[in-house]
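Take a look at the structure set out below.
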Amino acid sequence: MAGKAPRMELEMDKKWIVENYKEETVTVSVESIKHTVYVFNCTGSTIVIKGKVNSVTIDNCKKCGVVFDDLLSSVDIVNCKSVQIQAMGKMPLLNIDKTDGAQVYLNEQCLECEVLSAKSSEMNV
């Protein structure tokens with residue numbers, strides 16, 4: 001069974017969809033604070049988000065890394081295995097749900113970040 005083709009596109013001028021990437025580095029250039037980024041079903045890839053983004057959701061990814069500049073709302077990590085995220089700027093909230101293996105790298109601007117987790121294991125912040 002062949003996997004679905006990788007795609008990265010902006011839907012309804014609001015939501016960036018990044019899905020089905022395998023072993024690649026993908027850069028998303030966010031031009032509006034209203035934009036969200038949804039990363040789905042990626043394996044062994046690095047997603048770099050440039051610009052200030054409203055929120056980031058990482059769903060069903062394995063061995064992936066996500067790096068972003070500034071975040072207005074939250075990062076949600078759901079149904080993932082062995083993911084890494086790095087906040088280069090501000091991140092107010094981090095939700096980790098049903099995830100095994102999450103490495104989170106924060107900078108000084110994220111010292112007041114709230115971290116919530118449920119049904120997850122192997123988390124390092």
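- A donor-acceptor pair is defined here as one N or O able to donate and one able to accept, closer than 3.5 Å; such a pair exists between the side chain of N107 and the backbone of G89.
- For K22, the side-chain contact (heavy atoms from CB on, under 4.5 Å) partners are N41, T43, not counting sequence neighbours.
- Rounding to the nearest 0.5 angstrom, the gap separating the NZ atom in K63 from the CD atom in E23 is 8.5 Å.
- The nearest pair of heavy atoms linking N20 to C42 is N-SG, 3.9 Å.
- When every heavy atom of I49 is checked against every heavy atom of V30, the shortest pair comes out as CG2-CG2, 3.7 Å.
- The other members of the hydrophobic cluster of V67, by chain and number, are M88 (side-chain heavy atoms under 4.5 Å, ILVMFWY only).
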message = Would F68 and V37 count as a side-chain contact (heavy atoms from CB on, under 4.5 Å) here? Give the steps.
response = CA-CA 10 Å; F68 55 88; V37 178; over 6 Å; no
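- Judged purely by atom type and a 3.5 angstrom limit, D69 has no side-chain atom pairing as donor or acceptor with the backbone of K52.
- Using a 4.5 Å heavy-atom threshold, the side chains of L10 and M8 count as separate.
- To the nearest 0.5 Å, atom CG of residue N79 and atom CG of residue N60 are 6.0 Å apart.
- When all heavy atoms are compared, the tightest approach of Y21 to R7 is CE1-O, 3.4 Å.
- A 4.5 Å side-chain heavy-atom check between V104 and V115 finds every atom pair outside the cut-off.
- Taken from CD in Q103 to CD in E122, the straight-line distance is 9.0 Å, to the nearest 0.5 Å.
- Residues D100 and S121 come closest through the heavy atom pair OD1-OG, 2.8 Å.
- Between L106 and C110 the shortest heavy-atom distance is CB-CB, 3.8 Å.
- Residue L71 holds its CG atom at 8.5 Å from CD1 of I85, rounded to the nearest 0.5 Å.
- Taking OG1 of T99 as the start and CE of M123 as the end, the distance is 8.5 Å to the nearest 0.5 Å.
- Cluster annotation: V39 and V26 are assigned to the same hydrophobic cluster (Ile/Leu/Val/Met/Phe/Trp/Tyr, side-chain heavy-atom contacts under 4.5 Å, transitive).
- Side chains of I58 and C64 form no contact here, defined as non-hydrogen atoms less than 4.5 Å apart.
- Proximity of L94 to C113: side-chain heavy atoms (C-beta onward) are separated by under 4.5 Å at one or more points.
- Looking at N95 and D76, their side chains do bring a donor and an acceptor atom within 3.5 Å of each other.
- When all heavy atoms are compared, the tightest approach of E108 to L111 is O-CG, 3.2 Å.
- Hydrophobic clustering, with ILVMFWY side chains joined whenever heavy atoms are under 4.5 angstrom apart, groups I77 together with V125.
- The side chain to side chain donor-acceptor pair (under 3.5 Å) pairs that include a residue from residues 30-40 are W16-H35, Y38-D59, where partners are two or more places apart or lie in different chains.
- Enclosure of atom CD in E112 is not indicated, since only 12 or fewer non-hydrogen atoms of other residues, nucleotides or ligands lie within 6.0 angstrom.
- Between the CG atom of N54 and the CD1 atom of I33 there is a distance of 6.0 Å, given to the nearest 0.5 Å.
- In this structure, the side chain of S45 does not engage the main chain of T25 through any donor-acceptor pair within 3.5 Å.
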